[in-house]
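Written out below as structure tokens is the structure these notes cover.
Residue numbers start at 1 and run along the sequence shown.
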Amino acid sequence: MAVLGMTKLLGVNRILRANLRPPVSALDAGGAGGTSDAARAQEILEEVSLTVQIRGLHENTVFCKANTLDGSGKLTIGSDTLSLKGAGPQQRRDYALRSDKVYDQEADTDVLGAAAGTIYLDIIRYMDFETLDPANKEFIANEAAIVYQRRWRGNPEQDAALTQEAAKTELFAKKPRPSPNTGIINPFGVLNQPTQPQGGQGG
């Protein structure tokens with residue numbers, strides 16, 4: 001599969017160059033667990049990628065997804081799930097992740113409904129760095145350069161410069177936005193609730 005925009009290697013080198021370290025021609029063979037500059041940069045890149053993705057990005061957020069409960073009325077969620085919230089008819093339910101199950105906090109149970117029933121969820125999923133939108137990879141790599149600097153260099157002047165660079169790319173980062181087709185089901189969007197009843201306006 002083709003990689004659009006930044007590869008993981010390019011991301012690692014972005015971090016290294018930003019911190020006055022020489023670029024590398026390949027990722028550390030030991031992966032993110034190594035002790036080389038490249039391994040440390042890769043570890044931070046993956047760490048920041050996870051942190052940013054948990055907040056929700058355009059490409060890793062699915063709105064109002066229908067999910068079929070199992071024969072016990074429970075729902076086992078995918079191992080790539082980072083966050084979820086009730087949507088559509090379930091938008092006011094207080095759901096949480098417990099291990100790989102969806103748990104109803106209000107009812108204090110993982111039985112969410114009748115066997116083979118359906119619940120709707122807004123779901124945020126983890127994606128490999130190289131599969132993310134190019135604009136979001138730029139932002140993640142620049143954020144990771146800041147973390148690397150703070151963890152391994154501690155230079156206040158460099159920190160300020162890198163923070164400015166990250167702020168520029170954040171402007172183009174693509175955040176979640178519901179499709180008009182799902183807006184009818186869940187008009188309040190991902191992870192949001194209405195603040196007050198929606199009344200009509202007087203004429």
>> Donor-acceptor pair, distance only, cut-off 3.5 Å: does the side chain of Asp70 make one with the backbone of Lys74?
In response: yes
> Other than Ile146, what residues sit in its cluster of Ile, Leu, Val, Met, Phe, Trp and Tyr side chains whose heavy atoms are under 4.5 Å apart, directly or through others?
Replying inline: Leu162
Just list the side-chain donor-acceptor pairs under 3.5 Å for residues 43-52, sequence neighbours left out, or say none.
| residue | atom | partner | partner atom | Å |
| --- | --- | --- | --- | --- |
| Glu46 | OE2 | Lys8 | NZ | 3.2 |
| Glu46 | OE2 | Gln42 | NE2 | 3.0 |
| Glu47 | OE1 | Arg151 | NH1 | 3.2 |
| Glu47 | OE2 | Arg151 | NH2 | 2.8 |
| Ser49 | OG | Gln53 | NE2 | 2.9 |
| Thr51 | OG1 | Glu47 | O | 3.0 |

> Ion pair present between Lys65 and Asp122, side-chain N to carboxylate O less than 4.0 angstrom?
Replying inline: no
> Quick one: do Tyr148 and Met6 end up in the same hydrophobic cluster if we chain Ile, Leu, Val, Met, Phe, Trp and Tyr together by side-chain heavy atoms under 4.5 Å apart?
Replying inline: yes
>> side chain to side chain contact (heavy atoms under 4.5 Å, CB included) for Val24 and Leu9? Distances and angles first, verdict last.
In response: CA-CA 8 Å; Val24 294; Leu9 175 60; 3.9 Å; yes
> Do you know the tightest heavy-atom contact between Tyr120 and Ala66?
Replying inline: CE2-CB, 3.7 Å
>> Using the salt bridge (charged side-chain N to carboxylate O under 4.0 Å, His left out) criterion, which residues pair with Asp28? Sequence neighbours excluded.
In response: none
> Looking only at heavy atoms, what is the nearest atom pair of Gly154 and Pro156, with distance?
Replying inline: O-CD, 3.4 Å
>> Restricting to salt bridge (charged side-chain N to carboxylate O under 4.0 Å, His left out), what partner residues turn up for Arg98, sequence neighbours left out?
In response: none
>> Just verifying a value: how many Å separate Thr61 OG1 and Lys175 NZ, rounded to the nearest 0.5 Å?
In response: 11.0 Å
> Which heavy atom of Gly71 sits nearest a heavy atom of Ala115, and at what distance?
Replying inline: O-CB, 3.2 Å
> Taking atom CG of Leu112 and atom CG of Asp110, what is their separation to the nearest 0.5 Å?
Replying inline: 7.0 Å
>> Do Leu57 and Leu121 land in one hydrophobic cluster if side-chain heavy atoms of ILVMFWY residues count as linked below 4.5 Å?
In response: no
> Does the side chain of Gln149 pick up a donor-acceptor pair with the side chain of Asn19 at under 3.5 Å?
Replying inline: no
> Taking it one step at a time, do Leu84 and Tyr95 satisfy side chain to side chain contact (heavy atoms under 4.5 Å, CB included)?
Replying inline: CA-CA 8 Å; Leu84 57 79; Tyr95 292 140; 3.8 Å; yes
> Would Val147 end up clustered with Trp152 when hydrophobic side chains under 4.5 Å apart are linked, directly or stepwise?
Replying inline: yes
> Do you know which two heavy atoms are closest between Lys137 and Gly5, and how far apart they sit?
Replying inline: NZ-C, 3.9 Å
> Shortest non-hydrogen contact from Gly88 to Cys64?
Replying inline: N-SG, 4.3 Å
> How many angstroms lie between CZ in Phe129 and CG in Leu10, if you round to the nearest 0.5 Å?
Replying inline: 8.5 Å
> Taking only residues two or more places apart in sequence, or in another chain, which ones meet Glu157 in a salt bridge (charged side-chain N to carboxylate O under 4.0 Å, His left out)?
Replying inline: none
>> Going by the rule salt bridge (charged side-chain N to carboxylate O under 4.0 Å, His left out), which residues pair with Lys168 if we only count those two or more places apart in sequence or in a different chain?
In response: Glu165
> Quick check: does any side chain N or O of Asn136 sit under 3.5 Å from a backbone N or O of Lys174, one acting as donor and the other as acceptor?
Replying inline: yes
>> So does Asp108 get a backbone contact from the side chain of Tyr103, meaning a donor-acceptor N/O pair under 3.5 Å?
In response: yes
> Between CD of Gln158 and CZ of Arg153, what distance do you get to the nearest 0.5 Å?
Replying inline: 5.0 Å
>> Test of understanding: clusters of I, L, V, M, F, W, Y form through side-chain heavy atoms closer than 4.5 Å, transitively. Do Leu27 and Leu132 belong to the same one?
In response: yes
>> Ignoring hydrogens, what is the shortest heavy-atom contact between Ala18 and Ala145? Give both atom names and the distance.
In response: CB-CB, 3.9 Å
> Looking just at side-chain N and O atoms, do Thr76 and Asp100 make a donor-acceptor pair shorter than 3.5 Å?
Replying inline: no
>> Could you measure the distance from the OG atom of Ser99 to the CD1 atom of Ile77? Nearest 0.5 Å is fine.
In response: 12.0 Å
> Ignoring hydrogens and geometry, is there a side-chain-to-backbone donor-acceptor pair from Glu138 to Thr169 under 3.5 Å?
Replying inline: no
>> I need the Asp104 CG to Leu75 CG distance, nearest 0.5 Å.
In response: 12.0 Å
> Would a distance-only check, ignoring hydrogens and angles, find a side-chain to backbone donor-acceptor pair under 3.5 Å from Glu130 to Val3?
Replying inline: no
>> Would you say Ile54 ends up clustered with Tyr126 if hydrophobic residues are merged whenever their side chains have heavy atoms under 4.5 Å apart, either directly or through other cluster members?
In response: yes
> Would Asp37 and Arg21 count as a salt bridge (charged side-chain N to carboxylate O under 4.0 Å, His left out) if you check the C-alpha gap in whole Å, the side-chain angles of each, and the deciding distance to 0.1 Å?
Replying inline: CA-CA 8 Å; Asp37 286 342; Arg21 300 286 194 269; 3.6 Å; yes
> Can you tell me if Thr81 uses its side chain to pair, donor with acceptor, with the backbone of Ser83 under 3.5 Å?
Replying inline: no
> Would a distance-only check, ignoring hydrogens and angles, find a side-chain to backbone donor-acceptor pair under 3.5 Å from Asp80 to Met127?
Replying inline: no
